[in-house]
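Worksheet: one structure, shown below.
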Amino acid sequence: MIRVSLRYISSYSVITGRKQEAFFVAEGTTLRSLLNKVAEKYGSALKREVFDPSGDEINPHILVLVNGLQVSQLERKLDTRLLHGDSVILTPPMSGG
Amino acid sequence: MYGWAGKILKVTLSSGKVEKEPLTEDLGRKFIGGRGVNVKVLYEEVKAGIDPFDRGNRLVFGAGPLVGTLAPGSGRFNVTTKSPLGFLGDSNSGGHWGPELKFAGYDHVIVQGKAESPVYLRIDNDDVEIRDAKNLWGLDTWETQMKIREELEDEEVQIACIGQAGENLVRVANVRTGLKHAAGRTGTGGVMGSKNLKAVAVRGTKGIKIADSESFMQWVRKARANVEDMKYTLGSESPCGGTYGRLWFTHNEASMMATKHQQSGFWEEAGKLDPRIFHEKYRVKMRGCFACPINCSPYYVVTDGPFKGTVGEGPEYEHFASFAAAPAVSDLSYVLKASELSDRFGIDCDSTGRIISFAMELYQRGIISEKDVGFPLKWGDGKAVIKLINMISKRQGFGDVLAEGELRAAKKIGRGAEKYVLTMKNLEQHEPLRAIVGHALAQSVSTRGSDHLRSAYHAERDMSPEEAKKQGFNPDPLSYSNKASGVIFYEHHAGLSDMLGFCKFASPWLSNHFVNAEIMAGLFSSATGIQTSAAELVRAAERVCNVERAFIAREGARRKDDYPPWREFEEPYPSGPFKGQVLDRKKYDAMLDEYYVLRGWDVKTGIPTRKKLNELGLKNVARDLEKNGLLPK
């Protein structure tokens, strides 16, 4: 098993009712699989927030960061295999400049 | 007084007269502070139609009642004037200067007149002195700050100043403090230069009195708890923090990247400037403004390449939009050098980058040539960008033409150049808007022109449909329905941040889950001792928006000035996720009508009605508009 830390920002901390937690998952777990586990834990409201209607891609209004990098920056995107100690953040994209 | 320092400093540079006036509770209640009081002063003291460089124009600095307190993100201040571009000049900056002004005992500084030769203003608690600045004239903003610290033998003094661009009356020059903080847009630095005022150096040791410190600290803890996790996404705990790190790809994916003078919203080469490269190679540490739990500003040193040794802070997303996407430069070293130069010369990176890309488009279309500029102006040429930043800031050669801003430059150039001007209320358009309809309305009606910091429609990008529905927003970025009320929400909450002295990253401008109006009201009430509800605060913001609207109406702004530039309606995006997208003029018209109706403004002109002004306690503004023949019938 590996330990992955989850952090929820803004509306995601409201939906989950917490700011952070740890997930213990099997070695080789992908980001997609982790997000599915998180969605399972918090129900359909979170699932609708995270995944688009096809269930294959994440919605444009959520930014998922893995060790500070967004999914588009990861070589294997949602199929990235997570490592022990990785940090995953769910946050709105945030505008500004 | 609690919260406020309680004094306004009035400096007449022509005579050297320094006066101190009380900030009354009534003024504080009605206009709160910062941007709010600043614009009231501007409206009442500046004659309509005045040349912005006339000595009668005012340059007003203001720090709101929460500035300098422990409220998170309370390090902001505003600089307000009639803009050299023609309408409202107003810009907000972070850093440590605003809190220092409060510690010295002042909420506002009103500068009028013009010094005979270069001077700087030194404020040391109760002692205020106008000092000779001939030795500072010609220095950039970083050198100026170092020199003043040396002269005053005080490392703690906080300095707001101009660089060469302000001295040379460049119409998009700004006022800067620290390495990166700027009252960036609308040319405030040019007005400061026109007054021969190089800097305002402030030192204060008085602190700020809080009416109910126990209650205040409870609100501070609540506010902090709501925003501090932003350090993991935008700040010190993120390996890719700062606005460049966080927004570079998301803005491109939303087709908001100002590519080649807005010819596209999507830049195919954005991947070459993956912020990871900058953070891994050059970032030294993250820094923050006063009382900030986020720290979104990377301090960096360039350690290789042609510009080895370049240092800076930021760079912000807007630096990269300006000096990478706009002129299509994908070489990181040139973008960082351009950012450093714009910060040092004291020139707005947004406007400058767009003006340069405007010139490049004119070159692309054969309207100008090497003969006009002195060298070729091809897309992607980082060397040309750096040359032009120098030439604009120093008004050298063709730079003297561009220093006038897109609109005036086009008039000087002629030959059909005017067709390619992309400005909103004369301020250079900084963001393409074809696939973010609510945001297009927000930026277009903004009282200072093209602007995401006065208003926005972040619900189109940052909210899920369910959350948006709960909060009364329409999150569909391509829909025109029910957008106007949300724009007003964002305008009022951005306004409140500027009036109280809050960072917008901690405010409802970004997320209602951060420091919302209820928490702001708690902080304001406990700090000042004046019990005020969230609704009353929002009402004050509405009042300020109406005064600003009356100010620009007096300067000639009408309904026609509340539209995005022609390209947004006529040129479909050539590539990217929103390929083919343009705005629909008829639907935009209807959306604008709805906005005016909800605002209580005249639909034909966009000018506030007597009824609305009276309702906001602005009878004097209504009378003034009537006197000028502007009050809608």
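Just so we're on the same page: letters track the sequence lines, and every chain starts at 1. It should be emphasised that the depicted structure is a prediction, and the values quoted were computed from it without experimental measurement.
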Looking at residues at least two apart in the chain, or sitting in another chain, which of them share a salt bridge (Lys or Arg N to Asp or Glu O under 4.0 Å) with R454(B)?
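Only D90(B), E548(B) meet the salt bridge (Lys or Arg N to Asp or Glu O under 4.0 Å) criterion with R454(B).
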Holding to salt bridge (Lys or Arg N to Asp or Glu O under 4.0 Å), I want the full list of residues that pass it with D86(A), two or more places apart in sequence or in another chain.
none
Keeping the roles fixed (side chain from N174(B), backbone from A183(B)), state whether a donor-acceptor pair exists under 3.5 Å.
no
Any residue of residues 46-76 of chain A which, by heavy atoms, sits under 4.5 Å from chain B:
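R48(A), E49(A), P60(A), H61(A), L63(A), L65(A), N67(A), G68(A), L69(A), Q70(A), S72(A), Q73(A), listed by number.
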Only heavy atoms, only distances under 4.5 angstrom. Which residues in residues 21-42 of chain A are near chain B?
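So no residue qualifies.
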Side chain, backbone, both or neither: which part of [X] has a heavy atom under 4.5 Å from chain A?
X	answer
E253(B)	side chain
D229(B)	both
F249(B)	both
A225(B)	both

Answer whether the closest heavy-atom distance between the side chains of [X] and [Y] falls below 4.5 Å.
X	Y	result
S322(B)	R354(B)	yes
R18(A)	S13(A)	no
H458(B)	H439(B)	yes
S351(B)	R185(B)	yes
H513(B)	E467(B)	yes
W509(B)	F489(B)	no

Minimum-distance pair of heavy atoms, taken over all atoms of V515(B) and A223(B):
CG2-CB, 3.8 Å
Give, as side chain, backbone, both or neither, the part of S10(A) having an atom under 4.5 angstrom from any heavy atom of chain B.
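For S10(A), backbone and side chain are both near chain B.
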Give me the ring orientation class for Y244(B) and F320(B): parallel if the planes are under 30° apart, tilted from 30 to 60°, perpendicular past 60°.
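Parallel: the ring planes of Y244(B) and F320(B) meet at under 30°.
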Does a sphere of radius 6.0 Å around NZ in K285(B) hold more than 12 heavy atoms from other residues, nucleotides or ligands, not counting ones at 6.0 Å or beyond?
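Open.
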Using a cut-off of under 4.5 Å for heavy-atom pairs, which of V227(B), T250(B), T233(B) has the most such pairs with chain A?
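When all of V227(B), T250(B), T233(B) are compared, T233(B) has the most.
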